Amino acid sequence: MRPSDTAITAPLLRYLTSLRPARRTFLVEDQATRDYSWLIAHQLVANPPAGGTVTRHQVAADTGDFGPAVAAALAARAQAVVYCGASSRRAASCARALRAAGFAGTPAATQAVLTPEYLRAAGAAAEGWVFSATFVDPARLTPAAGFVRSFKRRYGVQNAGRGAAEAYDALGLVAHVLATVGAGPVDRSGLIQRLRAVSYRGITRTIAFRDRTGEVVEEPGLFLWRVEHGTPLFLGQYQEVRV
């Protein structure tokens, strides 16, 4: 039910097209996570933000120096720099290099690197970074208020952790379908068909599946985050965000 990695660039595309338009986008392809970097870069090259130009620059896996990549971004007069890899540590190195060079545009990446490790390693350089993600902050969603209260009380924590609300929705969808089946036996294929036939309104989004392919409708499950004052801030479903 989670949107695939092939869809994860959609929130970045909207941000860099409609919210903070970037006519010149610079992609940092990290060869330490080559396949993932290629996938993210490929999606953005195929769909250039703001209909502008996209420049690609590879950083070798055996170096942690992102200075040359940042210098190339500045030389290209980039208005946005997207770290395309999946390494939190190396994304932080990229962030520090951008800050040291005085980059004034939009820095961005995907949820793969939005981790405590990234925030610690990047420090002040993480400020302003924009991320696409498939998870929410349930504390900022009105429909999830009851879930958050129950979760905190049940587990004695300050916040509902990443993925908790999404897991709750997944279970809710299955329970909803099972409730319609009755007391009789249910086989796997029959249950899958029933699951794909419903539209279920959870606490994070509406979960539905496409008629012809059976694939999940991905757009409702894609979100934007931005680091503000050192903390990741959930902005909302990417098509609904207004900045």
Side-chain angles (χ1 to χ4, degrees), residues 5 8-133 224-233 235 238 243:
D5 286 340
I8 197 66
T9 56
L12 298 183
L13 179 60
R14 178 167 187 268
Y15 192 94
L16 298 177
T17 298
S18 301
L19 303 178
R20 290 287 186 270
R23 297 283 301 173
R24 295 181 298 277
T25 301
F26 190 90
L27 308 181
V28 178
E29 293 186 60
D30 188 355
Q31 296 302 286
T33 52
R34 183 179 59 186
D35 291 345
Y36 188 83
S37 286
W38 180 89
L39 175 65
I40 301 305
H42 177 73
Q43 296 295 324
L44 291 171
V45 168
N47 302 281
T53 60
V54 175
T55 303
R56 303 170 74 163
H57 184 100
Q58 293 186 350
V59 176
D62 61 357
T63 180
D65 182 7
F66 283 80
V70 169
L74 295 181
R77 297 186 298 122
Q79 295 170 311
V81 172
V82 180
Y83 171 78
C84 298
S87 167
S88 297
R89 176 177 54 82
R90 291 170 67 81
S93 295
C94 182
R96 293 194 303 271
L98 283 169
R99 181 179 176 86
F103 177 67
T106 301
T110 68
Q111 65 180 13
V113 301
L114 183 53
T115 64
E117 179 187 11
Y118 165 78
L119 295 170
R120 286 193 301 269
E127 193 69 16
W129 272 66
V130 175
F131 295 87
S132 59
L224 279 165
W225 291 69
R226 186 174 58 220
V227 177
E228 296 187 4
H229 307 295
T231 301
L233 176 68
L235 300 181
Y238 81 100
V243 178

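Note that the structure is a prediction, hence the values are computed from the model and not measured.
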Next on the checklist: According to ring pair (Phe, Tyr, Trp, His ring centres under 6.0 Å), does anything in residues 75-114 pair up with another residue at least two apart or in another chain? List the pairs.
Outcome noted: none
Checklist entry - Between V113 and F131, is any pair of side-chain heavy atoms under 4.5 Å apart? => result yes
Checklist entry - Is the shortest heavy-atom distance from the side chain of V54 to the side chain of P49 under 4.5 Å? => result yes
Checklist entry - Hey, what do you get for CG (L19) to CG (L13), rounding to the nearest 0.5 Å? => result 10.5 Å
Next on the checklist: I need the W225 CH2 to T231 OG1 distance, nearest 0.5 Å.
Outcome noted: 10.5 Å
Next on the checklist: As a test of understanding, state which of L27, T25, L16 forms a side-chain contact (heavy atoms from CB on, under 4.5 Å) with L44.
Outcome noted: L27
Item to check | Qualifying residues under side-chain hydrogen bond (donor to acceptor under 3.5 Å, both in side chains), relative to T110, sequence neighbours excluded | outcome: Y36
Next on the checklist: Please give me the minimum heavy-atom distance between T17 and A50, naming the atom from each residue.
Outcome noted: OG1-N, 2.8 Å
Item to check | Close side-chain approach of L98 to W129, heavy-atom, < 4.5 Å | outcome: yes
Checklist outcome for this item: Residue pairs passing the side chain to side chain donor-acceptor pair (under 3.5 Å) test with at least one member in residues 51-80, sequence neighbours excluded, are E29-R56
Item to check | Qualifying salt bridge (Lys or Arg N to Asp or Glu O under 4.0 Å) pairs, either residue in residues 89-103, two or more places apart | outcome: D30-R90
Item to check | For the student: nearest non-hydrogen atoms of V70 and C94, plus distance | outcome: CG2-O, 4.4 Å
Checklist entry - Rounded to the nearest 0.5 Å, how far apart are CG of L12 and CG of N47? => result 12.0 Å
Checklist outcome for this item: What one should report as the nearest heavy-atom pair of G85 and S37 is CA-OG, 3.2 Å
Checklist outcome for this item: d(C84 SG, Q31 CD) to nearest 0.5 Å is 10.5 Å
Item to check | Pairs satisfying salt bridge (Lys or Arg N to Asp or Glu O under 4.0 Å), at least one member in residues 101-129, at least two apart | outcome: none
Checklist entry - Within a strict 4.5 Å, meaning less than it, do heavy atoms of the T9 and V82 side chains meet? => result no
Next on the checklist: If I compare all heavy atoms of A95 with all of Y118, which pair ends up nearest, and what's the gap?
Outcome noted: CB-OH, 3.9 Å
Checklist entry - Minimum heavy-atom separation for G64 to S93, with atom names? => result O-CB, 4.0 Å
Next on the checklist: According to salt bridge (Lys or Arg N to Asp or Glu O under 4.0 Å), does anything in residues 13-24 pair up with another residue at least two apart or in another chain? List the pairs.
Outcome noted: none
